[in-house]
Visitor: 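Here's a structure for you.
Chain A is the first sequence line, chain B the second, and so forth, proteins listed ahead of strands; every chain is numbered from 1.
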There are 2 protein chains.
Amino acid sequence: MDYFQMESYLKAIGDSNRMRILKYLMKDSLCICEFTELMNMTQPAISQHMKKLKQAELVLEEKRGRWTIWSLNIRHAQYPILIHLLSLLPEPERTIETLKAGGKKVVCE
Amino acid sequence: MDYFQMESYLKAIGDSNRMRILKYLMKDSLCICEFTELMNMTQPAISQHMKKLKQAELVLEEKRGRWTIWSLNIRHAQYPILIHLLSLLPEPERTIETLKAGGKKVVCE
DNA sequence: TTATTATATAAGTGTTTGCTTATTAATACA
DNA sequence: TGTATTAATAAGCAAACACTTATATAATAA
C-alpha cells in the first residue's frame, strides 16, 4: 500500500456518515432506501456515499430486482483494521430492528 | 470515541504528507526545518500540517531554543492503530540518514 | 401500456482543505 | 545593539467535499 492508496482508504472511511453506513453494514446487508430511513438522509446523498465506499472497494453491490443490496467487502486487505476502527464506535441511534418494527425492512427474493 | 472524534482522527492521519511526517517521527523527533529538507515543502506548509496533527493530539511539541522539536504522542489512546497503519507504508525516499550526511541534522543542546 | 418504485447521475452551492506568499514573533549570535 | 535563524500565523486561492434539487434509467406492478 502506497501513501496515496492509504490516503484514499482513510478518506473513504473518515466521514461520520460513511462510518455510520459501514457500522450498519457490519450487522446486515442493506439497500439505499433502508439507509435513507435509518440515517434520515436524502437518497442521492446516500448514493453518493456508496459510490465513494465502492471506489475504495470497502463495499460490494449486488443488483436484486429494483434494489441494489450493499454489503461489506470482507475480502478487502485491510478489512480487519476497518472492523477494529468501527468497533470503537457506538451503535447508531436508529437500529435495523426499528426498521423492521416500522415495516420498512426490505425483503427481496 | 464518538463518530466526530473518529472523523477528526482519521482526517488528521488521512493525508499523504502528514503520513510521511508521522512515518519520519516513528524514527526520530524532528523540527520543522528538518521536515522542509526531508519533504521538499515550504516551512508554512509543514507548520500547518503540524498544527493539524497537534490538534488531533497525535504529536507533541517541545520548544528548544529557536527550534520546536516534534515527537509522536505515544500516550494517544489509538497509538497502536497509528503504528499499525504506518507500518503498512514504505519508508519515504529521503531518509534521516541523508539529512545527517548533508549536515542538515539539527542537534540542539 | 402507464404508473410506481429504487437508484444513479448531473448541476449548483457553501464549506473545507492544502497549498501559496507575506508578515510577525522570538531566540541566538555578531 | 543589530541581524540572522526558526517557526507561527494571516490572507488569498484553486480544488475537493458533502450536500441540495432536478433529471434520467431501469425494473416492477397495475
Side-chain angles (χ1 to χ4, degrees), chain A residues 3-4 6-22 25 29-56 58-71 99 103-109, chain B residues 3-4 6-22 25 29-56 58-71 99 103-109:
Chain A
Y3 285 80
F4 291 105
M6 182 67 88
E7 179 173 310
S8 301
Y9 174 72
L10 293 176
K11 282 184 173 166
I13 303 172
D15 173 89
S16 60
N17 286 323
R18 283 195 292 275
M19 284 190 279
R20 261 178 265 271
I21 288 171
L22 292 168
L25 290 181
S29 297
L30 295 164
C31 65
I32 304 286
C33 61
E34 289 172 315
F35 286 116
T36 65
E37 286 287 333
L38 289 166
M39 301 174 61
N40 200 32
M41 289 179 70
T42 65
Q43 174 266 313
I46 299 288
S47 273
Q48 286 158 24
H49 281 306
M50 299 319 292
K51 189 175 183 176
K52 293 216 164 189
L53 292 172
K54 180 184 166 186
Q55 284 168 342
L58 292 170
V59 298
L60 300 173
E61 63 182 329
E62 187 197 345
K63 303 277 183 189
R64 286 255 212 120
R66 314 183 243 191
W67 296 281
T68 306
I69 308 298
W70 296 86
S71 58
L99 250 198
K104 298 289 185 65
K105 185 77 186 73
V106 168
V107 184
C108 48
E109 305 298 307
Chain B
Y3 285 80
F4 291 105
M6 181 67 88
E7 182 173 307
S8 301
Y9 174 72
L10 294 176
K11 281 183 174 168
I13 303 174
D15 172 86
S16 60
N17 286 323
R18 284 195 291 276
M19 285 189 279
R20 259 177 267 270
I21 287 171
L22 293 167
L25 290 181
S29 296
L30 295 164
C31 65
I32 305 287
C33 61
E34 289 172 316
F35 285 117
T36 64
E37 285 288 333
L38 288 166
M39 301 174 63
N40 200 32
M41 288 179 71
T42 65
Q43 174 266 314
I46 299 288
S47 274
Q48 286 159 22
H49 281 306
M50 298 320 292
K51 189 175 183 178
K52 293 215 165 186
L53 292 171
K54 180 185 167 185
Q55 284 170 342
L58 293 170
V59 297
L60 301 173
E61 63 181 330
E62 187 197 345
K63 302 279 184 190
R64 286 253 212 123
R66 313 182 243 191
W67 297 279
T68 307
I69 308 298
W70 295 87
S71 58
L99 250 198
K104 299 289 185 66
K105 185 76 187 70
V106 168
V107 183
C108 47
E109 305 298 307

Visitor: Output yes when at least one side-chain N/O atom of B:Arg64 is less than 4.0 Å from OP1 or OP2 of D:dT6, else no.
Guide: no

Visitor: In whole angstrom, give the distance that lies between atom CH2 of A:Trp67 and atom P of C:dA6.
Guide: 6 Å

Visitor: Determine whether more than 12 heavy atoms belonging to other residues, nucleotides or ligands lie under 6.0 Å from atom NZ of A:Lys105.
Guide: yes

Visitor: How close or far is atom P of D:dC17 from atom CG of A:Asp15, stated in whole angstroms?
Guide: 11 Å

Visitor: Which part of the nucleic acid, if any, lies within reach of A:Met50 when heavy atoms closer than 4.0 Å are counted: base, sugar-phosphate only, or nothing?
Guide: nothing

Visitor: So which nucleotide from D:dA7, C:dT20, C:dA8 ends up closest to the side chain of B:Cys33?
Guide: D:dA7

Visitor: Examine distances only and state if a side-chain atom of B:Glu34 and a backbone atom of B:Val106 form a donor-acceptor pair shorter than 3.5 Å.
Guide: yes

Visitor: Hey, does B:Glu61 reach any base, or is it just sugar-phosphate, or nothing, if we go heavy atoms under 4.0 Å?
Guide: sugar-phosphate

Visitor: For the pair made of CD1 in A:Ile21 and C1' in C:dT7, what is the distance, rounded to whole Å?
Guide: 14 Å

Visitor: Of all the choices, D:dT9, D:dA7, C:dA10, which nucleotide is nearest to the side chain of B:Ile32 once you look at every atom?
Guide: D:dA7

Visitor: Tell me: CE of A:Met41 to C1' of D:dT21, nearest whole Å?
Guide: 15 Å

Visitor: Taking for each residue the nucleotide of DNA chain D with the nearest heavy atom, is it A:Gly65 or B:Lys63 whose nucleotide lies nearer the 5' end?
Guide: B:Lys63

Visitor: Hey, which sits more toward the 5' end of DNA chain C by its nearest nucleotide, A:Lys11 or A:Gln48?
Guide: A:Gln48

Visitor: Please test A:Lys51 against A:Ser47 for side chain to side chain contact (heavy atoms under 4.5 Å, CB included), starting from the C-alpha separation and ending with a verdict.
Guide: CA-CA 6 Å; A:Lys51 189 175 183 176; A:Ser47 273; over 6 Å; no

Visitor: Side chains of B:Asp15 and A:Glu7: does their closest heavy-atom pair fall under 4.5 Å?
Guide: yes

Visitor: Please classify the nucleic acid contact of B:Lys52 as base, sugar-phosphate, or nothing, using heavy-atom distances under 4.0 Å.
Guide: sugar-phosphate

Visitor: What is the distance, to the nearest angstrom, from the CZ atom on A:Arg66 to the C1' atom on C:dT5?
Guide: 5 Å

Visitor: Establish, with yes or no, whether the OP1 or OP2 oxygen of C:dT7 is under 4.0 angstrom from a side-chain nitrogen or oxygen of A:Ser47.
Guide: no

Visitor: Can you tell me the distance, in whole Å, between the CH2 atom of A:Trp70 and the C1' atom of C:dA6?
Guide: 13 Å

Visitor: Just the rounded figure in Å: distance from P of C:dG18 to CG of B:Leu53.
Guide: 10 Å

Visitor: Would you classify B:Thr68 as touching base, sugar-phosphate or nothing, given that sugar-phosphate means primed atoms plus P, OP1 and OP2, and contacts are heavy atoms under 4.0 Å?
Guide: sugar-phosphate

Visitor: I'd like to know whether B:Arg18 forms a side chain to side chain contact (heavy atoms under 4.5 Å, CB included) with B:Ile13, so could you lay out the CA-CA distance, the side-chain angles of the two residues, the decisive distance to 0.1 Å, and finally the verdict.
Guide: CA-CA 6 Å; B:Arg18 284 195 291 276; B:Ile13 303 174; over 6 Å; no

Visitor: Could you tell me whether the side chain of A:Gln43 has a donor or acceptor atom within less than 3.5 Å of a complementary atom in the base of C:dA6?
Guide: no

Visitor: Taking CD from A:Glu62 and C1' from C:dT7, how many angstroms apart are they, rounded to a whole number?
Guide: 15 Å

